[in-house]
Number of protein chains: 4
Amino acid sequence: MSSALELFAERGYDATTIPMIASKAGVGAGTIYRYFENKEVLGNKIFQGYVDIFTATIKNGFPHEDSIRNQFHHIFKSMVHFTVKQDQALYFIKIHSGAHFLHEESHISFQGLLNIFKNFFDSGKERKEIKELPSSALIAIIYGAFLELQRLVRIGELVPEAKLLEDVEESFWDAVRLHI
Amino acid sequence: MSSALELFAERGYDATTIPMIASKAGVGAGTIYRYFENKEVLGNKIFQGYVDIFTATIKNGFPHEDSIRNQFHHIFKSMVHFTVKQDQALYFIKIHSGAHFLHEESHISFQGLLNIFKNFFDSGKERKEIKELPSSALIAIIYGAFLELQRLVRIGELVPEAKLLEDVEESFWDAVRLHI
Amino acid sequence: MSSALELFAERGYDATTIPMIASKAGVGAGTIYRYFENKEVLGNKIFQGYVDIFTATIKNGFPHEDSIRNQFHHIFKSMVHFTVKQDQALYFIKIHSGAHFLHEESHISFQGLLNIFKNFFDSGKERKEIKELPSSALIAIIYGAFLELQRLVRIGELVPEAKLLEDVEESFWDAVRLHI
Amino acid sequence: MSSALELFAERGYDATTIPMIASKAGVGAGTIYRYFENKEVLGNKIFQGYVDIFTATIKNGFPHEDSIRNQFHHIFKSMVHFTVKQDQALYFIKIHSGAHFLHEESHISFQGLLNIFKNFFDSGKERKEIKELPSSALIAIIYGAFLELQRLVRIGELVPEAKLLEDVEESFWDAVRLHI
DNA sequence: TATGAATGAGGGTTCATTCAT
DNA sequence: GATGAATGAACCCTCATTCAT
């Protein structure tokens with residue numbers, strides 16, 4: 001799975017062949033079919049797997065009782081944390097989140113991820129601390145911006161130092177918070 | 001080209017076949033090869049074509065002498081304008097901007113687009129009106145957020161009404177402006 | 001036809017396209033189909049046409065009453081003559097004389113050509129001036145040797161000067177004549 | 001390879017399709033690509049392979065110390081020997097020796113074959129036993145005549161009995177030897 | 001259980017042929 | 001009559017998938 005992830009992230013699902021994956025994993029091509037029905041299933045397993053890890057990372061230790069700002073900080077920190085550990089995974093998710101090979105189940109997993117954000121923004125709006133934009137829009141802003149930034153980190157155009165992360169978090173927070 | 005654009009945007013370059021494009025365009029598969037040397041050239045022509053239109057849209061009437069805020073407004077308005085006219089195009093550009101089939105020329109066109117943003121942010125930082133983040137990061141935030149929002153519009157989850165656009169612009173501006 | 005001949009000789013029948021021929025002839029591709037039903041017919045027309053000219057060249061002024069040696073001289077001279085005028089044609093005939101696209105009629109034309117040689121050799125054998133080999137073998141020797149020589153001339157490895165031609169004729173005659 | 005050889009010899013390289021070869025060989029079309037990078041490589045492998053075998057056949061047991069006449073006999077015998085074993089191969093070589101798909105390496109192999117003949121004729125001319133024709137011409141005569149004869153054997157018009165071979169060898173020798 | 005040779009459907013592409021102009 | 005854009009069958013080739021070992 002990690003061989004497949006790397007290749008899918010590097011070359012895209014369609015441009016990656018099963019023999020490539022097998023060779024990178026050091027197994028025979030046929031062996032892959034003992035563990036995954038076919039390439040599509042493999043792609044979905046990886047997609048769901050990492051989306052779920054991402055989701056779990058954010059859920060883990062979420063400060064439900066804390067302030068909105070601190071909840072936001074937790075989310076941001078979790079995203080960075082996941083990204084650092086799984087930069088291939090996030091890039092893979094980004095470029096394949098609308099891919100033709102994804103099953104309904106994968107889309108649902110993805111929605112689950114987005115829902116965490118949704119819940120957060122909904123409660124933030126209730127408390128008049130978050131802008132009165134549709135939550136889906138707020139998610140799109142944070143998620144889209146974050147993934148694009150991550151792309152820059154990936155290609156080496158940006159180095160994720162503490163100061164930068166702090167500034168980016170500030171920018172994100174400014175984007176969504178309600179300015180009085 | 002518009003048939004190809006639609007399919008490339010929907011399914012991605014690799015998952016789109018020439019017969020699919022031909023069929024959607026209502027022509028024979030061979031006909032495509034009278035106008036484009038091969039699939040790769042077709043992909044690049046479309047990519048460059050729309051990137052250039054996007055670039056031109058932003059450059060057109062850019063208020064160089066106006067305030068940073070008004071320049072930002074022009075950029076945002078231009079992005080919306082282009083998106084409304086060419087919703088497929090922007091999504092196509094997004095998911096293929098690092099694709100393996102792109103020629104050097106296409107990358108340069110894309111860089112040209114990003115440079116407009118860069119120049120804007122650089123001058124904004126000089127005037128102390130924009131956050132002290134690397135311009136590439138600021139671009140990523142705006143560009144990433146915008147494209148993700150546009151995806152929602154595309155799939156019908158968001159309706160781009162005047163009020164929404166206004167709020168989104170405000171959010172974007174908050175994200176990049178220097179809060180005193 | 002001459003454009004087609006040149007291309008067929010240079011690249012072979014299969015590697016020559018109708019648009020190539022049209023372009024070389026300075027006409028539209030469709031125009032060719034006003035004069036030849038299809039590519040196959042064109043190929044056959046050319047093959048037959050030149051085989052017939054070759055045949056006529058040899059028949060023309062054949063010294064039926066003269067000595068075998070002089071008849072041989074006439075044949076050799078005619079072959080050279082035809083070759084000089086139509087070097088493409090002979091090469092085309094050589095490399096396509098067993099080609100898949102030839103119709104029965106073309107094969108018959110070709111047989112007609114070989115028959116002239118056959119008659120000559122048969123009468124020579126009767127007069128005990130030609131070796132007692134099957135006429136088909138004698139033809140093969142002269143015809144095969146001549147065409148291979150012609151190939152060398154074509155590619156510039158041999159210059160067909162008078163002395164060379166004389167020597168080659170001598171060699172050919174030695175090959176077939178009965179040495180007492 | 002033998003299926004390909006047969007088809008290439010019968011129909012020519014260009015008119016032979018990979019599916020034809022696969023079907024004749026009783027394998028799937030894709031299987032061929034496990035053993036040969038592409039059709040061109042297959043064609044060259046076959047060409048070189050047989051040219052090399054032909055070359056080896058002549059070199060094998062060549063009587064360097066013997067008389068020119070006996071050396072000639074060895075060459076002729078070798079040609080016949082090779083032809084009997086590989087009748088398709090020689091015809092394939094003949095009709096493709098100038099073909100567009102041949103790599104430089106194949107041309108060199110072919111030149112190597114012709115060089116054996118060249119060396120033989122050169123030494124024969126030195127000893128005043130061979131006609132004073134360019135060696136390339138002498139080769140063309142023997143090679144061309146032989147291949148044309150072989151064609152007749154292939155199509156059944158000539159039966160290669162001992163007597164015939166003896167007579168043909170005599171004819172060939174007469175063609176090239178210096179008549180005092 | 002693991003393998004990788006074999007398969008053949010399907011992709012990109014070419015080109016003989018047609019036909020509206 | 002001449003044209004050349006359009007066509008689609010058929011080519012070469014790739015690769016997901018199978019299955020005998």
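Per chain, numbering begins at 1; letters A, B, ... match sequence-line order.
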Can you give me the closest heavy-atom contact between Phe82(C) and Ala89(C), atom names plus distance? CZ-CB, 4.0 Å

With no hydrogens and no angle check, is any side-chain donor or acceptor of Thr31(C) less than 3.5 Å from a backbone partner on Val27(C)? no

Using only atom types and a distance under 3.5 Å, with no angle test, would you say the side chain of Lys39(B) pairs donor to acceptor with the backbone of Thr16(B)? yes

Donor on one side chain, acceptor on other, His100(C) and Glu10(D), under 3.5 Å: no

Quickly work out the Phe36(A) CZ to dT18(F) P distance and round it to whole Å. 16 Å

Is there a donor-acceptor pair closer than 3.5 Å between any side-chain N or O of Thr57(D) and the backbone N or O of Ile53(D)? yes

DNA chain E: Thr31(B) or Tyr35(D), which has the more 5' nearest nucleotide? Tyr35(D)

Looking at side-chain heavy atoms only, is the closest gap between Glu104(A) and Ile108(A) below 4.5 Å? yes

Does DNA chain E take part in any stems of at least 3 consecutive Watson-Crick or G-U pairs (both distances under 3.5 Å), and if so, which ones? E:2-21 with F:2-21

Which comes earlier along DNA chain F counting from the 5' end, the contact point of Glu37(D) or that of Ala29(C), where each point is its nearest nucleotide? Ala29(C)

Is a side-chain donor or acceptor of Asp87(C) paired with a backbone partner of Thr83(C) at a separation under 3.5 angstrom? no

Ring-ring centroid check Phe101(C) Tyr13(C), cutoff 6.0 Å: yes

Specify the residues of residues 2-17 of chain D, ordered by number, for which at least one heavy atom lies under 4.0 angstrom from an atom of DNA chain F. Thr16(D), Thr17(D)

Can you tell me if Thr55(D) uses its side chain to pair, donor with acceptor, with the backbone of Val51(D) under 3.5 Å? yes

For nucleotides 19-21 of chain F, print each protein N/O atom paired with a nucleotide N/O atom at under 3.5 Å, atom names and distance only.
none

Counting side-chain heavy atoms from C-beta on, which of dC12(F), dT7(E), dG4(F) comes nearest to Lys39(D)? dC12(F)

Side-chain donor-acceptor pair under 3.5 Å between His103(B) and Gln48(B), yes or no? no

Take the protein atom CE of Met20(A) and the nucleotide atom C1' of dC15(F), then report the distance between them rounded to whole Å. 10 Å

dG4(F), dT17(F), dC12(F): which one has an atom nearest the side-chain heavy atoms of Asn38(A)? dT17(F)

Over all strands shown, is Ile18(D) touching base, sugar-phosphate only, or nothing at heavy-atom distances under 4.0 angstrom? sugar-phosphate

Shortest non-hydrogen contact from Ala15(D) toward Asp14(C): CB-OD2, 3.5 Å

Ile21(D) has an atom CD1; how far is it from atom C1' of dC12(F), in whole Å? 11 Å

Nearest-nucleotide wise, let me know which of Gly28(B) and Ile32(C) is further upstream toward the 5' end of DNA chain F. Ile32(C)

